[in-house]
Amino acid sequence: MDNDLFTGNTLAAQLFAEVIIPLALPQNYTWAIPAHLQENVQPGSRVEVQLKNKKYAGIIKTLHRQKPAAFAPKEVLNILDEAPLLFPIQLQFWKWMADYYMCSEGEVMNAAVPANLKLSSESILIWNDEHGLDFSDLNGEEFLVAEALELKKELRLSEVQQILDAAHVYPIIKRLIDKNVCYVWEELKAKYKPKTETYIILHPVYHNEDKLADLMNNWSKGPKQLELLLAYLYLIKSEGEVTQPVLLKKSGASAAQLKGLIDKQVLIAEKREIGRIATLPKNVYIDFELSQAQQTAYDAIQMAFMQKPVCLLHGVTASGKTQIYIRLIEQNLLEGKQVLYMLPEIALTTQIIRRLQKHFGGNIAIYHSKFNPNERVEIWNKVKSGEAKIVLGARSALLLPFVNIGLIIVDEEHDPSYKQQDPAPRYHARDSAVYLAALFNAKVLLGSATPSIESYNNAQTAKYSLVSLNERFGEAELPAIQLIDLKKIETADRKKIMLSPQLKEAIQSSLNQKKQVILFQNRRGYSPYMICNVCGWIPQCRNCDVTLTFHKAKNKLACHYCGTTYPVINTCAACGSHHFIEKNFGTEKIEEHIAETFPTSRVSRMDYDSVKGKYDHDNLIKLFEQQKIDILVGTQMVVKGLDFEHVNLVGILDADGILNFTDFRVNERAYQLMEQVSGRAGRKDNTGKVLIQVSNMQHPVLQFVQQHNYQHLYEFEIQNRRHFFYPPYSRLIHIIFRHKENHIAEEAAHLLQQGLQPAFAANITGPAQPVVHRVRNLFLWEMLIKLPKDTAIIQQCKTQIQQQIIILQSNKRYRGVDIIPDIDPV
DNA sequence: AGCACGCCGACT
DNA sequence: GTCGGCGTGCTC
């Protein structure tokens with residue numbers, strides 16, 4: 001500037017940093033970097049800064065020399081990292097996410113960065129009991145804090161500031177965390193318990209063959225134990241490793257007998273953690289060949305990636321998609337690229353982890369929100385250094401500091417849990433993955449047996465490429481699906497209708513064959529509803545098209561969405577009959593009823609109430625795998641990508657409940673659920689059978705499910721879905737919130753008049769989601785979802801939108817924001 | 001996110 | 001006359 005010309009010294013101009021603070025601030029603030037700290041600063045480094053009267057560890061977004069005119073920046077207090085915490089590409093990604101999902105970069109940072117790396121004065125440090133009392137590697141100040149921590153077990157960061165000379169607290173804390181003396185408390189996060197599996201090993205003494213022979217020859221008592229030991233020795237020879245459940249199952253011995261051997265110190269039980277960063281060897285080991293169909297799909301994907309960066313793999317259940325993934329991962333590893341394998345959190349079970357670890361050993365890092373802070377930092381660093389080649393994680397893994405991603409796999413692509421609903425950023429991990437991959441020039445593979453309509457539409461309109469895999473692996477066929485008409489079932493007690501004779505018979509036959517059964521009941525079953533027993537029509541809300549809930553006490557029907565109540569309906573709107581019955585049964589009731597009907601079978605229930613921790617879920621799955629349970633009654637939880645070898649019957653108890661789900665994507669969700677549930681039957685052979693109990697036999701989705709025909713569902717949805725949500729609307733709301741001028745409304749109306757393409761997203765995944773979230777109960781929301789392609793109504797909408805704009809303008813947060821074009825992720 | 005500022009209802 | 005409710009605004 002002029003001053004510089006005058007002094008003739010541009011280099012002396014001060015250095016400023018735009019810093020991202022983990023808060024929902026309207027914009028990023030700027031701090032000055034004092035001369036003595038200028039040597040090592042880079043974008044991506046953390047800096048300690050003061051904002052108001054609090055201190056935060058922020059991340060430098062940019063460095064520049066333009067002195068802000070409007071305010072006098074404060075100075076950065078400290079630089080916390082010599083090397084940046086992440087790469088420019090992540091900063092770019094954060095910026096996009098903040099723009100696209102309308103939140104602050106600070107909020108993205110909050111979601112991305114583990115607690116241990118984002119200290120603030122409010123942070124509470126927790127003493128790490130595992131560290132012990134060896135303080136020899138600490139310097140004077142570190143020692144002071146460590147001692148205080150050991151004594152009090154936890155300290156507020158502000159208290160640490162009192163102990164020390166306040167000027168440079170953060171670097172000391174950072175070193176203490178690095179040295180594992182303490183960690184940062186994260187509230188409300190359930191503590192992650194590492195999953196363990198008990199391995200059985202032979203006591204080292206008996207590795208000596210003579211000693212072992214000696215032991216067995218002089219076996220005094222407990223013949224069963226000797227038998228067990230022999231079974232163990234046999235297994236260890238054939239398998240190399242033996243886990244407790246496998247041993248007990250194959251030997252038929254009891255846990256007490258095993259305990260006897262352990263007490264005698266012949267065998268040792270060793271708990272090993274799985275799911276954390278394994279210390280397994282870092283080699284790649286692949287011991288299978290792709291089937292013909294898989295190989296064809298694999299080649300097609302390779303070809304597709306040459307044309308387009310995103311490919312949708314539509315593979316029927318049990319077609320062996322995972323094996324294709326494994327091949328693709330292997331190929332990326334050979335090219336020295338990182339791979340991100342995303343799964344919905346609930347599907348991140350030991351089953352899939354074990355499977356990948358078998359092939360890629362220590363190259364894999366697992367990441368999800370239930371890890372403790374130290375482990376998360378550990379993984380963060382391994383991903384950043386490139387040591388972790390494969391990351392297997394839930395949606396939050398997308399925000400790890402990858403160096404060079406080559407491939408992102410989004411498995412179970414249709415799963416709604418990829419969408420973060422509550423804390424900002426309200427991002428969709430599948431869509432964000434597409435953008436992130438573009439930044440790395442990487443590929444994205446979306447895999448599902450039941451793609452979301454959005455993705456399928458993207459494939460149909462050639463935005464993504466599409467590869468289909470219609471054959472089940474190992475010559476297994478898709479299970480036969482049989483509908484059972486509940487209306488035809490004569491029963492004295494209407495409530496007992498939950499189990500038709502056909503299903504009862506099928507269950508009995510499965511039990512006789514020593515096979516397992518899954519009975520599926522949607523959670524919706526908890527709220528009672530009325531259904532016409534002649535045609536299967538269900539009363540719906542006039543405003544919301546949502547199934548009405550029956551309130552017995554008040555003898556009224558109510559909409560749980562808008563709150564409207566209706567008198568009980570006696571005449572069917574579809575067939576005119578007066579024959580209504582009440583349906584009301586949840587998984588608990590079913591479990592009870594099943595246990596009564598099949599007294600000799602072992603029945604278990606899997607739903608949100610019965611499995612609270614992740615641990616329970618895994619355990620239940622394990623029990624089922626080991627055939628310790630014959631009949632599993634469950635909600636959606638039983639669906640998530642699990643393989644159960646011995647299941648040959650799946651029963652859907654109340655398909656009407658699914659087909660009338662309180663959701664704007666009923667048909668799609670219903671199809672997905674039924675197809676996924678059916679997929680659990682007979683995965684390994686051709687004995688699979690699916691029985692669907694339903695009153696509304698005519699529902700088209702049932703036919704598509706029976707034929708396993710996704711294409712038909714898709715076409716049906718395009719033609720018949722009543723609640724279209726068009727991308728221009730999403731764009732429109734985005735615009736409304738981005739701009740303060742009224743003329744924008746005209747642009748919006750213009751957009752509405754242009755060719756409208758269905759995006760099928762009443763459950764919006766695009767940028768406007770947080771806004772729609774806010775206005776969903778307002779008139780605008782109602783207008784938008786019910787808007788037919790009618791110009792008159794568009795005019796009306798325009799007026800409404802203008803009113804809306806006035807309301808929204810008063811919201812400080814969206815005032816005076818610059819015009820930012822909508823960025824399409826592809 | 002915090003925290004201060006500020007303007008109206010029930011209390012010693 | 002005050003204490004305290006939470007609505008609005010600001011933080012480099």
Side-chain angles (χ1 to χ4, degrees), chain A residues 1 13-38 41-80 91 94-95 97-98 101-125 156-161 167 169-170 184-189 373 399 420-427 737 740 770 773-774 806-818:
Chain A
M1 284 171 59
Q14 246 192 303
L15 190 60
F16 299 97
E18 188 186 336
V19 179
I20 302 169
I21 305 295
L23 293 177
L25 296 168
Q27 71 259 124
N28 293 325
Y29 293 144
T30 304
W31 275 265
I33 305 212
H36 69 279
L37 292 176
Q38 286 189 13
V41 281
Q42 287 171 68
S45 291
R46 282 179 309 158
V47 283
E48 180 186 349
V49 293
Q50 182 144 6
L51 179 69
K52 258 319 216 348
N53 43 12
K54 283 221 159 57
K55 289 174 182 175
Y56 296 92
I59 288 182
I60 299 179
K61 186 185 172 189
T62 52
L63 288 165
H64 61 85
R65 293 187 183 275
Q66 284 151 299
K67 190 184 170 80
F71 55 90
K74 289 185 182 165
E75 286 196 340
V76 160
L77 301 173
N78 263 308
I79 311 282
L80 299 179
L91 289 171
W94 289 12
K95 164 128 181 52
M97 225 185 210
Y101 294 107
M102 304 216 305
C103 65
S104 74
E105 282 168 277
E107 284 169 307
V108 182
M109 174 178 171
N110 242 338
V113 180
N116 274 357
L117 300 173
K118 36 176 203 207
L119 312 159
S120 84
S121 320
E122 293 301 293
S123 309
I124 295 171
L125 301 175
R156 292 185 133 252
L157 224 153
S158 42
E159 291 173 312
V160 180
Q161 270 161 358
V169 175
Y170 282 33
V184 177
W185 167 254
E186 245 184 314
E187 53 177 351
L188 292 174
K189 290 268 160 62
L399 291 156
Q420 172 145 319
Q421 279 291 352
D422 211 14
R426 297 177 177 81
Y427 63 107
F737 272 82
K740 57 177 177 179
H773 199 72
R774 286 158 164 266
I806 295 162
I807 298 166
L808 300 179
Q809 268 178 6
S810 63
N811 186 331
K812 167 80 175 54
R813 194 164 158 158
Y814 300 103
R815 206 186 294 157
V817 182
D818 285 339

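The shown structure was predicted, so the numbers you read here are calculated from the model rather than taken from an experiment. In what follows, chains are A, B, ... by sequence order, proteins preceding strands, each numbered from 1.
As judged by a 4.0 angstrom heavy-atom cut-off over every strand, A:I21 is placed among residues making no nucleic acid contact. Across all strands shown, A:E18 has no heavy atoms under 4.0 Å from either base or sugar-phosphate atoms.
Between A:L51 atom CG and B:dC3 atom P the separation is 12 Å, expressed in whole Å. Distance, A:Y56 OH to B:dA1 P: 11 Å, rounded to whole Å. What separates CD1 of A:I59 from P of C:dC12 is a distance of 19 Å, to the nearest Å. Taking atom NZ on A:K67 and atom P on C:dC12, their separation rounds to 15 Å, with Å as the unit. In this structure, the CG atom of A:L25 is 13 Å from the C1' atom of C:dG9, given to the nearest Å. Rounding to whole angstrom units, NZ of residue A:K55 and P of C:dC12 are separated by 13 Å. Rounding to whole angstrom units, CG of residue A:L15 and C1' of C:dC12 are separated by 15 Å. Distance A:L23 CG to C:dC10 C1': 13 Å, rounded to the nearest Å.
Considering only side-chain N and O atoms, A:K54 lies nowhere under 4.0 angstrom from the phosphate OP1 or OP2 of B:dA1. Look at A:K52 and you won't find any side-chain N or O under 4.0 angstrom from OP1 or OP2 of B:dC3.
Separation of atoms CD1 (A:I79) and CD (A:Q38) is listed at 9.0 Å; rounding is to 0.5 Å.
Here the closest non-hydrogen pair linking A:L91 and A:G44 is CD1-N, 4.0 Å.
Judged by distance alone, the side chain of A:N28 and the main-chain N or O of A:I20 form no donor-acceptor pair under 3.5 Å.
A 4.5 Å side-chain heavy-atom check between A:S104 and A:L25 finds every atom pair outside the cut-off.
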